[in-house]
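Just below is one structure, and these are the notes that go with it.
Order of listing sets the numbers, starting from 1, for every ligand and every atom in it.
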Amino acid sequence: MAGRVAVVGATGAVGEDLRRLLEARDFPCDGVVFVASERSAGRRLPFRGREVTVRALTDRDVFDGVDLALFSAGASTSREHAPRAVAAGAMVVDNSSAWRMDPDVPLVVTEVNPHALARRPKGIVANPNCTTMVAMLPLKALHDAFGLVGFTATSFQAAGGAGQQGIDELEAQVEPLFAHRDLLRRDGAAAMKLVEQRVHADVLAFNVVPLLGTEGDDGYTDEEMKLQNESRKILDLPDLRVAPTCVRVPVMVGHALQVRAEFEDPVTTANAISSLEGFPGMVLDRAPTPLAWAGRDEVAVGRVRADLGDPRALNFWVTGDNLLKGAALNTVQIAELLVEGAAARG
Ligand code: A2P
């Protein structure tokens, strides 16, 4: 039993799924504290047939009596407030990028490296980036069979990866652009001036945006570097060669990636499929789309094809709900493993 569970960022897109999953999975706890910014303090959110009043993170005693805190309120908030929760006696599972690359913080995909949970000197466990998460399940299955040495990935990331604001911005752009759909064919640049754009790097509705995150000096964005650095840590392959490109697409939720993976050993399509089959949390499908998989727990893999030129390479497609396995579901699954571990030790 986890005692009291705090959800920090309870009013956000991931927070909404965290609340729903704690309830739907009958998470073993005897109370919840919903936490957000001062803007949301006093709002009432349903949980297990009752209404829970949202508290401000700035309240001094907000973590008193909390045994487990699930954070999804952005990196700077986590950096400042996760240590407060630990000091108050809580285990923390953090969904932001704040702690992921800290050597004293395990970065865990529950089907891939649950053993990493055993060592957590800071009392914090990090949940991986939503795009990296989706790719980890098939790459781990294939690594175990053929020995992964590197991969090239192009992501197709949903608006919801930028939180509720990302979804709101896409929604707001659709109707004005559709009302002038002649311009979408004749003068796209004029059409783009009809809508506001702030969250995504360019107008997203009826478009594809090949820039996601903040560019570094080498031209790669921070989002692309997460795909390299987090994959290396999760798979425990420090020399893994990763060539990432992250693209935002006008999908509400559900990230997808096209991956070309390279291995030590030769790989055929048939051998790859039998290695992928049965991996927990993952299913095979012919050509799974983010829309068809929105709202589902599993990650879906399709278009599995041996490479045309290199007998040691394989191409495949993977998609998964970025708010579920990509965020809230894995966070709750980590919490379930922590509670089981505590129960086993107790
Ligand atoms: P609030 O709704 O009060 O702004 P999303 O990822 O969908 O944008 O959600 C972000 C979540 O993190 C929301 O619940 C938001 O609360 C919360 N949040 C953002 N900044 C802070 C902060 N400085 N302190 C507490 N909660 C925050």
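The shortest N/O to N/O separation between Gly12 and ligand 1 falls below 3.5 Å. In terms of polar-atom proximity, defined here as any N/O pair under 3.5 Å, Ala13 does make such a contact with ligand 1. The shortest N or O to N or O distance between Gln164 and ligand 1 is below 3.5 Å. For ligand 1, one of its N or O atoms has an N or O atom of Gly9 under 3.5 Å away.
Which parts of ligand 1 touch Leu57 is read off a 4.0 Å heavy-atom cut-off, strictly below it: atoms 24 (N), 25 (C). Proximity to Ala36 (heavy-atom distance under 4.0 Å) selects the following atoms of ligand 1: 3 (O), 16 (O), 25 (C), 26 (N). Using a 4.0 Å cut-off to heavy atoms of Ser40, the atoms of ligand 1 that qualify are 1 (P), 2 (O), 3 (O).
Residues Leu142 and Leu314 are in side-chain contact: their nearest non-hydrogen atoms beyond the backbone lie under 4.5 Å apart. Side-chain contact check for Leu70 versus Val8: every heavy-atom pair is 4.5 Å or farther apart.
Within the structure, ligand 1 has Thr77 among the residues with a heavy atom less than 4.0 angstrom away. Within the structure, ligand 1 has Ser72 among the residues with a heavy atom less than 4.0 angstrom away.
Only the backbone of Ala10 comes within 4.0 Å of ligand 1, counting heavy atoms alone; no side-chain atom from C-beta on gets that close. Proximity of Ala56 to ligand 1, defined as any heavy-atom pair under 4.0 Å, is not found for any part of the residue. At a heavy-atom cutoff of 4.0 Å, ligand 1 is contacted by both the backbone and the side chain of Thr11. Only the side chain of Arg39 comes within 4.0 Å of ligand 1, counting heavy atoms alone; its backbone N, CA, C and O stay farther away.
Surrounding OH of Tyr220 are at most 12 heavy atoms belonging to other residues, nucleotides or ligands under 6.0 Å away.
What sits closest to atom 26 (N) of ligand 1 on the protein, heavy atoms only, is Ser37 N, 3.2 Å. Given atom 6 (O) of ligand 1, the protein heavy atom at minimum distance is Gly163 CA, 3.8 Å. Of all protein heavy atoms, the one lying nearest to atom 18 (N) of ligand 1 is Ala73 CB, 3.8 Å.
Arg248 places no side-chain N or O within donor-acceptor distance of the main-chain N or O of His200, the cut-off being under 3.5 Å. The closest donor-acceptor contact from the side chain of Asp285 to the backbone of Gly302 lies at 3.5 Å or more, if one exists at all.
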### Message
What verdict does the side-chain contact (heavy atoms from CB on, under 4.5 Å) test give for Asn113 and Met136, after you've listed the backbone C-alpha separation in whole Å, the side-chain angles of each residue and the deciding distance to 0.1 Å?
### Response
CA-CA 10 Å; Asn113 62 337; Met136 285 301 98; over 6 Å; no
### Task
Under the ring pair (Phe, Tyr, Trp, His ring centres under 6.0 Å) rule, what do Phe71 and Trp99 come out as? Steps first, then yes or no, please.
CA-CA 11 Å; Phe71 273 71; Trp99 304 95; 9.4 Å; no
### Query
Would Leu235 and Lys140 satisfy side-chain contact (heavy atoms from CB on, under 4.5 Å), going step by step from the backbone distance to the final call?
CA-CA 7 Å; Leu235 296 170; Lys140 169 66 173 165; 4.0 Å; yes
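Using modelled atom types and a 3.5 Å distance limit, the side chains of Glu223 and Gln157 yield a donor-acceptor pair.
Between Glu111 and Lys325 there is a salt bridge, with a side-chain nitrogen of the basic residue lying less than 4.0 Å from a carboxylate oxygen of the acidic one.
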